[in-house]
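Structure first, commentary second.
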Amino acid sequence: MALATLLEIRAPSFPRASAAKPDASAPPAIDLNQIPAKVNFQNLAMFGTNLDVVLDALHNGGQLQRRGRLPTMEEDPRGVRRRITCNGITAGVDISNAFYYARSHALTATQRDPAANLKQPAEVPVIVIGDGMDTQKPEQTGNFFPSQGVLRRRNINGEVAFERLNIRTLLCQEADEEYVRQKSKDAGFEPRIITYEAFGKLLEKTRIGAVLSYDPGPEVRREIVETLTGAEYPDCPAWDKGMREVNPTWRLRPT
């Protein structure tokens, strides 16, 4: 046998691992920068701010998101401060309280200059109605909890934080309606706009959100949510069914 044959070193042969197949049961990855055509009513929320912030968001794709860096020493293990904190209105529950707090936040967000003669966008309070998007799922689930986002641990005013909030509708004061409409049009957008006053009259027709034990029914909540978004909401869930998902022994108390 030739010396070359004796000295020949062959690489060991190992079976090749087959390529991993994608899990067909896994949910598709969420593209946070792509606004879905359909409104996700389960992640519906209100966010109080000013018109200047809204116009900037419209220019950047029609989504609100947190910008800028956090201070180095600020702790945020659950990522709440890296998100947009909104007042949730999943399935139209507790919507009057959400409206109250979002309107307060909008007033806080305005920067009024008494010396200025002309109205500026930063001086106009606006409430954004939209559906949130997030790569994280909340700890609690059910028809009356958002399917994405981070819930505040103390459940402060029904707050939920999202990485993105898709702008669907704007609420503003009646005195600011034409200004908001014109500024939005000048920027190349014509969003759905409803006044505080018109929405308040709609809420007066119901006792929605007045007491926790009262539910006007899915038909009333559906009417309010559809008015807000301009989209159809055919599968608005019943309150008792949603609560029994969380607590099987729950019963609706008489009013």
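All heavy atoms count here, side chains included; hydrogens, waters and symmetry mates do not.
Arg221 contributes atom CZ, which lies 13.0 Å from atom CZ of Phe41 (distance to the nearest 0.5 angstrom). In this structure, Asn60 CG and Asn33 CG are separated by 10.5 Å, a value rounded to the nearest 0.5 Å. Taken from OG1 in Thr135 to CD in Glu163, the straight-line distance is 3.5 Å, to the nearest 0.5 Å. Of the inter-residue distances, the one linking Thr229 atom OG1 with Asn40 atom CG reads 11.5 Å to the nearest 0.5 angstrom. Atom CG in Leu202 sits 5.5 Å away from atom CD in Glu223 (nearest 0.5 Å). For the atom pair Thr169 OG1 and Ile194 CD1, the distance stands at 5.5 Å (nearest 0.5 Å).
A continuous path of hydrophobic side-chain contacts links Tyr179 to Val128 [ILVMFWY only; heavy atoms under 4.5 Å]. Ile35 and Val53 fall into different hydrophobic clusters, where Ile, Leu, Val, Met, Phe, Trp and Tyr side chains are chained together by heavy-atom contacts under 4.5 Å.
Contact detail for Pro218 and Pro237: the closest heavy-atom pair is CB-O, 3.7 Å. In terms of heavy atoms, Phe162 sits closest to Ala45 at CE1-CB, 4.1 Å. Between Pro125 and Thr110, the shortest heavy-atom distance links the atoms N-CG2, 3.4 Å. Closest approach of Pro138 and Pro146 over heavy atoms only: CG-O, 3.0 Å. Here the closest heavy-atom approach between residue Ser147 and residue Lys137 is recorded as O-CG, 3.7 Å. Contact record, Ala106 with Tyr196: CB-OH, 4.0 Å, taken as the closest heavy-atom pair.
Here the options are Val54, Leu64, Ile129, Asn87, the test is side chain to side chain contact (heavy atoms under 4.5 Å, CB included), and the partner is Phe47; only Leu64 passes. Under the side chain to side chain contact (heavy atoms under 4.5 Å, CB included) test applied with Val124, the options Val180, Thr49, Asn50 reduce to a single match, Val180.
Side-chain contact between Leu165 and Cys86 is present, with at least one heavy-atom pair separated by less than 4.5 Å. Contact check for Arg192 versus Leu228: no side-chain heavy atoms found under the 4.5 Å cut-off. In this structure, the side chains of Asp52 and Gln120 stay at 4.5 Å or more apart for every pair of heavy atoms. With a 4.5 Å cut-off on side-chain heavy atoms, Arg83 and Arg66 do not count as touching.
Taking Asp176 as the reference, Lys119, Gln173 meet the side chain to side chain donor-acceptor pair (under 3.5 Å) condition, with sequence neighbours excluded. By the side chain to side chain donor-acceptor pair (under 3.5 Å) test, Glu177 is found to be paired with Arg181, residues two or more places apart in sequence or in another chain being considered.
Within 6.0 Å of atom CD in Glu232, 12 or fewer heavy atoms from other residues, nucleotides or ligands are found, so the atom counts as exposed in its surroundings.
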Discussion item. Let's go through Asn43 and Met133 carefully: what are the C-alpha distance in whole Å and the side-chain angles of both, what is the deciding distance for side-chain contact (heavy atoms from CB on, under 4.5 Å) to 0.1 Å, and is it a yes or a no?
Written reply: CA-CA 8 Å; Asn43 295 335; Met133 297 174 65; over 6 Å; no

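Gln42 contributes a side-chain N or O that, together with a main-chain N or O of Phe145, makes up a donor-acceptor pair within less than 3.5 Å. The backbone N or O of Glu174 sits less than 3.5 Å from a side-chain atom of Glu197, completing a donor-acceptor pair.
Between Phe99 and Phe199, the ring-plane angle classifies as perpendicular under the 30° and 60° cut-offs.
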